Amino acid sequence: MSNIKIKPWISSLPEYIPGGTIEEIKEKYNLKKVYKLASNENIFGPSPKIIEYFKKGMSDINYYPDSYCRQLRKKLSKKLGISGDSIIFGNGTDQIIEMVCDAILDTGKNVIVPDPTFLTYEKSALKNGAKVIKVPLLEYRQDIKSIIKSIDNDTAIIFLTSPHNPTGSILTKQEIDYALNNINNDILIVLDEAYVEFVPENDRFDSLNYIRKHDNLIIMRTFSKVFGIAGLRIGYGIGDSELISNISKIMQPFVVNSIAQIAAVISLEDEDNINRNVKIIISERYKFCRRLKESGIPFVQSFSNFVLIKTGGRTPEIIEELLKNGYMIRDGNFLGFPDYIRVSMSLPEINKKFTDLFIALYKKYALNLSEELS
Ligand SMILES: *Cc1c(COP(=O)(O)O)cnc(C)c1O
């Protein structure tokens, strides 16, 4: 046991328990093929143009990357119609969430998060010695009124997510309006839109428009999900340019590597690829949910590329049998939803096989759960 003393709020941090890797599961269950439907990644992979580009070589990687991500910044600001200096890039959105907390929080402050939610918010706050106020979801949705009621004099940041992970529910324009109009502008609102591209047009609102009117709002987006480059680690935040510039001061200069920057630029150029993938994922989600419904399996209506399903007390057996057959899904135990699983949408033929197997397993293990969810 080392005698080195760790700050007490660091040693008590919750541990992120990652799902297994494909290789691990192959080895453990002696499988040739394993399908990962566990981490909401994009099963179509990156734009083929990225692969083409890197086939030509990576001769520039002896140089440090451009710390300001100029080319990417220019491209993104044009695409989103916002000024380049209102964007911050990071080694994944995870890191931007962390930078925001590092820049704002200390031991006297607190943050408010919906509960359950994405673990990074809590962890980034706790590592700064701040407190975390958890406001339970209401019918699988973020409860804006209760969140506002929980604000106290020490509240510094409120984290909201739309679509929410792990439920897939969204916030409406009315709810965001209500939040922005009823929260003092000395409290930062972080709106995490990691999955926003999967929300059907009719249910979407122009969140970027709010940045112009509210200088206490930061919107988070990522290249990890719809753009299919989770392994390269790149995400971005958008907010008031002065606020963004201040947060950027704590950033290490080269956290966004050069390969990620180029891949992100190419992804943004290949809109056709993204649009096609999104269409297929949404249609797969509809198909999947229809089959769940027909079989009387309770699930939460999702606006994202994953679905949260109530599987009941025998979830461990269901998960084990899925693994034996080469399907990795996320155990709700690690997401704050014990007795649930979260399934990411995959390619049509994989989804079909998965759905058949899952429904059979559900009937075997969990049929007595009949209540319908939202
Ligand atoms: C996946 C995800 C992110 C993105 O994380 P990266 O660090 O950019 O890969 C952010 N927020 C939520 C809620 C997510 O599920």
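In each ligand, atom 1 is the first atom listed, and ligand 1 is the first ligand listed. Keep in mind the model is a prediction, meaning the values are calculated, not measured.
- Although no hydrogens or angles enter the test, the distance criterion places a donor-acceptor pair under 3.5 Å between the side chain of Arg204 and the main chain of Glu197.
- The aromatic rings of Phe223 and Phe227 lie tilted to each other, with the angle between the two planes from 30° to 60°.
- A side-chain donor-acceptor contact under 3.5 Å links Asn42 to the backbone of Val226.
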Do any nitrogen or oxygen atoms of ligand 1 lie under 3.5 Å from a protein nitrogen or oxygen, and which ones?
from, atom 1, to, atom 2, distance (Å)
ligand 1, 7 (O), Thr93, N, 3.1
ligand 1, 7 (O), Asp94, N, 3.0
ligand 1, 7 (O), Asp94, OD1, 3.4
ligand 1, 7 (O), Asp94, OD2, 3.4
ligand 1, 7 (O), Arg233, NH2, 2.6
ligand 1, 8 (O), Thr93, N, 2.7
ligand 1, 8 (O), Thr93, OG1, 2.9
ligand 1, 8 (O), Thr222, OG1, 2.6
ligand 1, 8 (O), Ser224, OG, 3.4
ligand 1, 9 (O), Ser224, OG, 2.6
ligand 1, 9 (O), Arg233, NH1, 2.8
ligand 1, 9 (O), Arg233, NH2, 3.4
ligand 1, 11 (N), Asp192, OD1, 3.3
ligand 1, 11 (N), Asp192, OD2, 2.6
ligand 1, 15 (O), Asn165, ND2, 2.8
ligand 1, 15 (O), Tyr195, OH, 2.6
ligand 1, 15 (O), Lys225, NZ, 3.3

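- Gln95 places no side-chain N or O within donor-acceptor distance of the main-chain N or O of Gly92, the cut-off being under 3.5 Å.
- Residues Glu98 and Lys123 are not paired through a salt bridge, judged by the lack of any N-O separation under 4.0 Å between the basic side chain and the carboxylate.
- Checking Lys287, Arg291, Glu284, Arg285 one by one against Asn351, the side-chain contact (heavy atoms from CB on, under 4.5 Å) holds for a single residue, Glu284.
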